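These numbers come from the heavy atoms of this one structure, side chains and all, not from hydrogens, waters or symmetry mates. This one's a predicted model, so the numbers in the text were calculated from it and none came from an experiment.
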Amino acid sequence: MKLSVSARALAAAGLATTMLLAGGAVADAASAPRRSAAAPDIPLAGVKAHLSQLQSIATANGGNRAHGRAGYKASLDYVKAKLDAAGYTTAVQQFTASGRTGYNLIADWPGGDTSRVVMAGSHLDSVSSGPGINDNGSGSAAVLEAALAVSRAQYKPTKHLRFAWWGAEELGLVGSRTYVNRLATGDRSRISAYLNFDMIGSPNAGYFVYDDDPAIEKTFKEYFSGIGVPTEIETEGDGRSDHAPFKSAGVPVGGLFTGASRAKTAAQAAKWGGTAGRAFDRCYHSSCDTSANIDDTALDRNSDALAYAVWELSE
């Protein structure tokens with residue numbers, strides 16, 4: 001049974017108290033990593049339900065959810081309806097790429113200091129050759145379920161929370177770059193963190209953490225350390241996803257990734273399980289990237305890590 005972040009926080013608090021009563025080092029207790037007791041366990045069933053809907057949308061619209069296609073717009077409408085019902089202020093940003101209309105979806109949670117914005121985002125589009133359930137239904141569904149968890153908890157963070165789903169990532173980060181380029185300089189400087197989630201349920205999963213911003217990287221590593229899962233620095237997709245425009249604009253960025261077409265090494269298989277010599281995702285950018293192309297354990301762990309970082313960084 002998975003130990004939740006809340007349970008780990010209570011256990012850590014109890015241990016610190018015992019050490020103090022026993023005359024343990026106060027300095028050691030004070031220097032222990034701060035854990036967010038409020039961060040929820042994201043229900044895997046909720047994330048999977050969103051993936052099922054995205055798969056159904058792709059099936060009904062030519063087998064994909066690509067930029068400029070009906071499947072993409074239906075995916076955006078699905079996510080927007082969930083957020084509107086949960087009390088978010090949503091906005092759809094329109095742009096043009098490759099002669100087709102594209103859309104970003106931005107959702108703001110009311111409250112918090114708008115001079116310090118924490119963003120979490122993912123690209124919602126697939127390639128035209130498949131439904132894109134791992135790439136990137138997985139990240140999109142997890143970001144959505146984390147946003148809904150904020151609403152369920154009626155979370156009141158110190159910082160302002162914003163969630164985003166980007167269009168036309170597969171054409172070269174078009175949606176996220178459009179968003180960043182349209183921001184006034186002052187608005188860019190108000191974003192204190194952008195967290196990116198692009199492929200977090202790969203079937204032969206690895207556990208990779210972006211190393212762009214040290215504080216964000218540390219936050220994710222703390223979470224995985226707390227559940228006993230080793231991580232590695234993400235290199236396969238470095239600069240190839242929607243964090244790149246934010247980083248170029250001077251925004252602190254970070255994120256998670258479970259691997260794409262690169263093969264898992266023997267050392268990685270030894271510590272994470274799975275099959276050495278096989279791609280982390282053999283269905284990357286293919287028609288077989290369906291709802292069957294997901295590792296539930298990786299999806300669950302990364303969804304919880306996402307929520308942990310959102311809570312921790314927005315406190």
Side-chain angles (χ1 to χ4, degrees), residues 2 41-67 69-79 82 122-146 148 165-167 169-170 196-208 229 234 236-237 240-241 255-265 268-269 271-307:
K2 182 173 62 174
D41 185 275
I42 297 300
L44 176 62
V47 182
K48 295 277 284 185
H50 302 317
L51 290 182
S52 178
Q53 288 297 317
L54 294 178
Q55 176 66 70
S56 295
I57 288 169
T59 300
N61 290 279
N64 68 74
R65 301 179 302 99
H67 163 73
R69 310 290 180 86
Y72 179 77
K73 185 59 164 59
S75 299
L76 183 138
D77 290 344
Y78 168 77
V79 174
K82 291 288 185 182
S122 59
H123 76 85
L124 187 57
D125 62 315
S126 73
V127 291
S128 59
S129 58
I133 299 304
N134 186 38
D135 184 17
N136 184 37
S138 61
S140 294
V143 171
L144 174 57
E145 192 59 24
L148 297 180
W165 291 262
W166 309 115
E169 187 271 355
E170 298 291 3
N196 195 60
F197 304 92
D198 188 353
M199 300 179 65
I200 59 170
S202 303
N204 193 29
Y207 292 88
F208 299 100
V229 175
E234 197 282 305
E236 182 181 6
R240 292 168 48 193
S241 193
L256 301 175
F257 178 60
T258 52
S261 57
R262 187 174 292 177
K264 178 177 280 188
T265 67
Q268 290 169 334
K271 65 182 174 183
W272 290 327
T275 305
R278 177 181 293 178
F280 293 104
D281 183 357
R282 292 192 297 175
C283 291
Y284 176 61
H285 283 187
S286 299
S287 60
C288 59
D289 187 9
T290 66
S291 55
N293 190 48
I294 291 289
D295 181 276
D296 285 357
T297 299
L299 183 65
D300 190 24
R301 288 170 172 171
N302 281 277
S303 297
D304 290 340
L306 187 168

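- Among pairs with a residue in residues 278-288, none fulfils salt bridge (charged side-chain N to carboxylate O under 4.0 Å, His left out), at least two apart in sequence or across chains.
- Partners of K73 according to the salt bridge (charged side-chain N to carboxylate O under 4.0 Å, His left out) rule, which considers only residues two or more places apart in sequence or in another chain, are D77.
- Judged by distance alone, the side chain of N204 and the main-chain N or O of G274 form no donor-acceptor pair under 3.5 Å.
- With sequence neighbours excluded, the residues forming a side chain to side chain donor-acceptor pair (under 3.5 Å) with S140 are S122, listed by chain and number.
- When all heavy atoms are compared, the tightest approach of E236 to R240 is O-NH1, 2.8 Å.
- Between the side chain of T290 and the backbone N or O of A292 there is at least one donor-acceptor pair closer than 3.5 Å.
- The minimum heavy-atom distance linking S303 with V47 is given by the pair OG-CG2, 3.8 Å.
- Closest heavy-atom contact between A146 and L306: CB-CD2, 3.4 Å.
- Checked against side chain to side chain donor-acceptor pair (under 3.5 Å), K48 has the following partners two or more places apart in sequence or in another chain: D296.
- In terms of modelled atom types and a separation under 3.5 Å, the side chain of N136 and the main chain of F197 share a donor-acceptor contact.
- Taken from CG in D304 to CD1 in I42, the straight-line distance is 6.5 Å, to the nearest 0.5 Å.
- In this structure, I200 and S138 approach most closely via the heavy-atom pair N-OG, 3.0 Å.
- Using modelled atom types, one side-chain atom of R65 and one backbone atom of G132 make a donor-acceptor pair closer than 3.5 Å.
- Scored by the side-chain contact (heavy atoms from CB on, under 4.5 Å) test, S129 finds V127 as partners (sequence neighbours excluded).
- Not a single salt bridge (charged side-chain N to carboxylate O under 4.0 Å, His left out) links K264 to another residue, sequence neighbours left out.
- The structure places CG of L148 at 5.0 Å from NE2 of H50, a figure rounded to the nearest 0.5 Å.
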Evaluate the criterion side-chain contact (heavy atoms from CB on, under 4.5 Å) for residue pair C288 and N293; output intermediate values, then yes/no. CA-CA 7 Å; C288 59; N293 190 48; 5.8 Å; no

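- Applying the side-chain contact (heavy atoms from CB on, under 4.5 Å) rule to S56 yields no partners; only residues at least two apart in sequence or on another chain are considered.
- Listed here is the closest heavy atom pair of A58 and P131: CB-CB, 3.4 Å.
- With values rounded to the nearest 0.5 angstrom, E234 atom CD is found 5.0 Å from F257 atom CZ.
- The salt bridge (charged side-chain N to carboxylate O under 4.0 Å, His left out) test applied to E145 returns R152, not counting sequence neighbours.
- Note that CZ of F280 is 6.0 Å distant from CH2 of W272, once rounded to the nearest 0.5 Å.
- To the nearest 0.5 angstrom, Y207 atom OH is 6.0 Å from T297 atom OG1.
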Dump the intermediate steps for side-chain hydrogen bond (donor to acceptor under 3.5 Å, both in side chains) on N64 and S128, then the final yes or no. CA-CA 6 Å; N64 68 74; S128 59; 5.9 Å; no

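- D295 and S202 get closest at one heavy-atom pair: CB-O, 3.3 Å.
- Taking the side-chain contact (heavy atoms from CB on, under 4.5 Å) definition, one finds that T265 meets it with A267, Q268, sequence neighbours left out.
- Listed for the T258 side chain is no donor-acceptor partner under 3.5 Å among the backbone atoms of A205.
- For the side chain to side chain donor-acceptor pair (under 3.5 Å) test, no residue two or more places apart in sequence or in another chain qualifies with Y72.
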List the steps and the verdict of side-chain contact (heavy atoms from CB on, under 4.5 Å) for L51 and S291. CA-CA 7 Å; L51 290 182; S291 55; 5.6 Å; no

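- Taking the side-chain contact (heavy atoms from CB on, under 4.5 Å) definition, one finds that D135 meets it with H123, E170, D198, M199, Y284, H285, D289, sequence neighbours left out.
- With sequence neighbours left out, the side chain to side chain donor-acceptor pair (under 3.5 Å) criterion links W165 to no other residue.
- In this structure, the separation between CG on D41 and CG on D300 is 6.5 Å, given to the nearest 0.5 Å.
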